[in-house]
Trainee: 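First the structure, which I've put down as structure tokens, then a few questions once you've had a look.
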Amino acid sequence: MTGLDGRLRSGIKAPWAIRLRDYGRALVDIVLPPASLDGFEGSLGGLSASAFNRITFLEDPVCDGCGQAFEYELASGGGRCIPCQTTPQLFSRARAACVYDEHSRGLILGLKHGDQQAHAKLFARWLSRAADPLILDCDAVVPVPLHPSRLLQRRFNQSAEIARPLAAQRGLTYLPDSLKRIRATQSQGGKSLGGRKTNVRGAFRVTASGAKKIEGRRILLVDDVLTTGATANACAKALLDAGARAVDLAVIAGVHGAREMPK
């Protein structure tokens, strides 16, 4: 399978296209002064100092279940926040590189909807640091998939664009074709907690070939934003049902207090 069909099957661009794109960007950097991703000169593939300083990065200690900072300082490291204690997620642990707010939103949406794929490698570096405890324990990396109709519209899967360089940086097995979104779902935006769960219930399935690669392994699931965890839980259920030993989650950003939204 080649061309568009091949890209829809894998969720990524062909290797030759990626290499050609990277060569082109390298040539531009030679001809023009390097610029930061937020449009200011003086940065090599990162953010300007002012933009970087506005990002609220999440540092340990964080909740082991959702990756968010604790409201109060703990007497000892580790532990889980009240929502994660009372209503555990199907994924075992989670880490977020930063808080999803007005300062990180533009960068993330620039990748997701603005075709600014240069952000992907930056986010992969952020995740390599923030999710290090999870990465050290995982056996393979799986991106949250898009439905083929959404992939055709968007032309790339933002989660795969982050997961692929992350796996390459850390020398991990990358399984982009193991988990499929088999049902087109509506946007989760504006839905209640229960509505989000219903929207993605049964939307994901592990392929027959993917099940052989997933069985007995600890999987690191990669997505862009963690809100209530409905999508990540639906993915984790499919992976666990297919025989995964455990599923952890790594995201660029987490929405603070999202699990307290109306049910």
Side-chain angles (χ1 to χ4, degrees), residues 35-40 42-74 77-81 83-84 89 91-136 138 141 143-144 157-167 169-170 188-189 220-232 235 248-261:
S36 63
L37 295 179
D38 53 318
F40 294 92
S43 175
L44 292 173
L47 299 177
S48 64
S50 60
F52 184 86
N53 289 333
R54 287 194 294 268
I55 302 294
T56 303
F57 290 99
L58 290 164
E59 306 283 351
D60 284 333
V62 295
C63 173
D64 202 42
C66 64
Q68 282 293 328
F70 290 104
E71 293 289 346
Y72 305 98
E73 186 175 352
L74 296 182
R80 300 199 171 209
C81 65
C84 285
Q89 308 274 26
F91 49 87
S92 298
R93 299 175 294 173
R95 291 294 185 276
C98 66
V99 173
Y100 187 74
D101 58 17
E102 66 272 19
H103 303 301
S104 63
R105 184 183 301 115
L107 290 170
I108 295 169
L109 294 182
L111 169 63
K112 191 170 184 176
H113 300 297
D115 201 20
Q116 297 175 8
Q117 295 179 46
H119 292 182
K121 290 184 178 179
L122 173 67
F123 294 148
R125 293 198 298 271
W126 288 5
L127 283 190
S128 181
R129 179 174 179 271
D132 184 65
L134 280 56
I135 292 170
L136 292 175
C138 83
V141 177
V144 170
N157 177 1
Q158 73 278 1
S159 297
E161 292 297 311
I162 301 165
R164 186 178 61 251
L166 175 64
Q169 289 171 23
R170 301 299 295 265
Q188 295 282 64
L220 182 66
L221 183 69
V222 174
D223 202 3
D224 50 4
V225 177
L226 172 60
T227 308
T228 63
T231 298
C235 290
D248 294 324
L249 175 68
V251 298
I252 307 167
V255 179
H256 182 69
R259 295 185 68 187
E260 300 172 4
M261 68 188 301

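We're numbering straight along the sequence, starting at 1. Source: prediction; values computed, not measured.
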Trainee: Which class fits the ring pair Phe57 and Phe52: parallel under 30°, tilted 30 to 60°, perpendicular over 60°?
Mentor: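 The arrangement is tilted - the two ring planes meet at 30° to 60°.
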Trainee: Any side-chain heavy atom of Ile252 within less than 4.5 Å of one from Val225?
Mentor: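 When only atoms from C-beta onward are counted, Val225 and Ile252 do not touch, as no gap falls below 4.5 Å.
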Trainee: Out of curiosity, Tyr100 OH to Leu109 CG, how far, rounded to the nearest 0.5 Å?
Mentor: 4.0 Å
Trainee: For Ala163 and Val222, which heavy atoms make the closest approach, and how far apart are they?
Mentor: CB-CB, 3.9 Å
Trainee: Compare every heavy atom of Cys235 with every heavy atom of Leu221, then report the nearest pair and how far apart it is.
Mentor: CD2-CB, 3.6 Å
Trainee: Taking all heavy atoms of Ala120 and all of Glu161, pick out the closest pair and write down the distance.
Mentor: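 Scanning both residues completely, I find the closest heavy atoms to be CB-O, 3.3 Å.
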Trainee: Got Thr56 and His103 here, is their nearest side-chain heavy-atom distance under 4.5 Å?
Mentor: no
Trainee: Using a 6.0 Å cut-off, check whether atom CZ of Arg105 has over 12 heavy atoms from anything other than its own residue.
Mentor: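 Yes, enclosed.
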Trainee: Are any non-hydrogen side-chain atoms of Leu107 and Phe123 less than 4.5 angstrom apart?
Mentor: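 A side-chain contact under 4.5 Å exists here.
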Trainee: Quick one: does Arg129's side chain get under 4.5 Å of Glu59's, heavy atoms only?
Mentor: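 Counting from C-beta outward, Arg129 and Glu59 do come under 4.5 Å.
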Trainee: May I ask you to decide if Arg93's main-chain N or O and Asp248's side chain share a donor-acceptor pair within less than 3.5 Å?
Mentor: yes
Trainee: Taking the side chain from Asp101 and the backbone from Ser104, do they hold a donor-acceptor pair closer than 3.5 Å?
Mentor: yes
Trainee: In Å and rounded to the nearest 0.5 Å, what is the CG to NZ distance from Leu111 to Lys121?
Mentor: 13.0 Å
Trainee: Is any side-chain heavy atom of Ile135 closer than 4.5 Å to a side-chain heavy atom of Leu127?
Mentor: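 No; the side chains remain at least 4.5 Å from each other.
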Trainee: Can you measure from CG (Leu166) to OG (Ser128) and round to the nearest 0.5 angstrom?
Mentor: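 Between Leu166 CG and Ser128 OG, I get 6.0 Å after rounding to 0.5 Å.
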Trainee: Check side chain to side chain contact (heavy atoms under 4.5 Å, CB included) between Ala94 and all other residues, then give those that pass, not counting sequence neighbours.
Mentor: Phe91, Leu226, Leu249
Trainee: To the nearest 0.5 Å, how far apart are CH2 in Trp126 and NE2 in His119?
Mentor: 9.0 Å
Trainee: Can you list everything that forms a salt bridge (charged side-chain N to carboxylate O under 4.0 Å, His left out) with Glu102? Sequence neighbours excluded, please.
Mentor: none
Trainee: Asp132 vs Arg170, test: salt bridge (charged side-chain N to carboxylate O under 4.0 Å, His left out). Steps then yes/no.
Mentor: CA-CA 10 Å; Asp132 184 65; Arg170 301 299 295 265; 2.7 Å; yes
Trainee: Minimum heavy-atom separation for Thr228 to Gln89, with atom names?
Mentor: O-NE2, 3.2 Å
Trainee: Provide the closest heavy-atom pair for Pro143 versus Asn157 in the form atom of the first, atom of the second, distance.
Mentor: CB-ND2, 4.5 Å
Trainee: Ignoring hydrogens, what is the shortest heavy-atom contact between Phe70 and Cys81? Give both atom names and the distance.
Mentor: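 In this case the closest contact between Phe70 and Cys81 is CE2-N, 3.6 Å.
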Trainee: For the atom pair SG (Cys66) and CZ (Arg95), what is the distance rounded to the nearest 0.5 Å?
Mentor: 9.5 Å
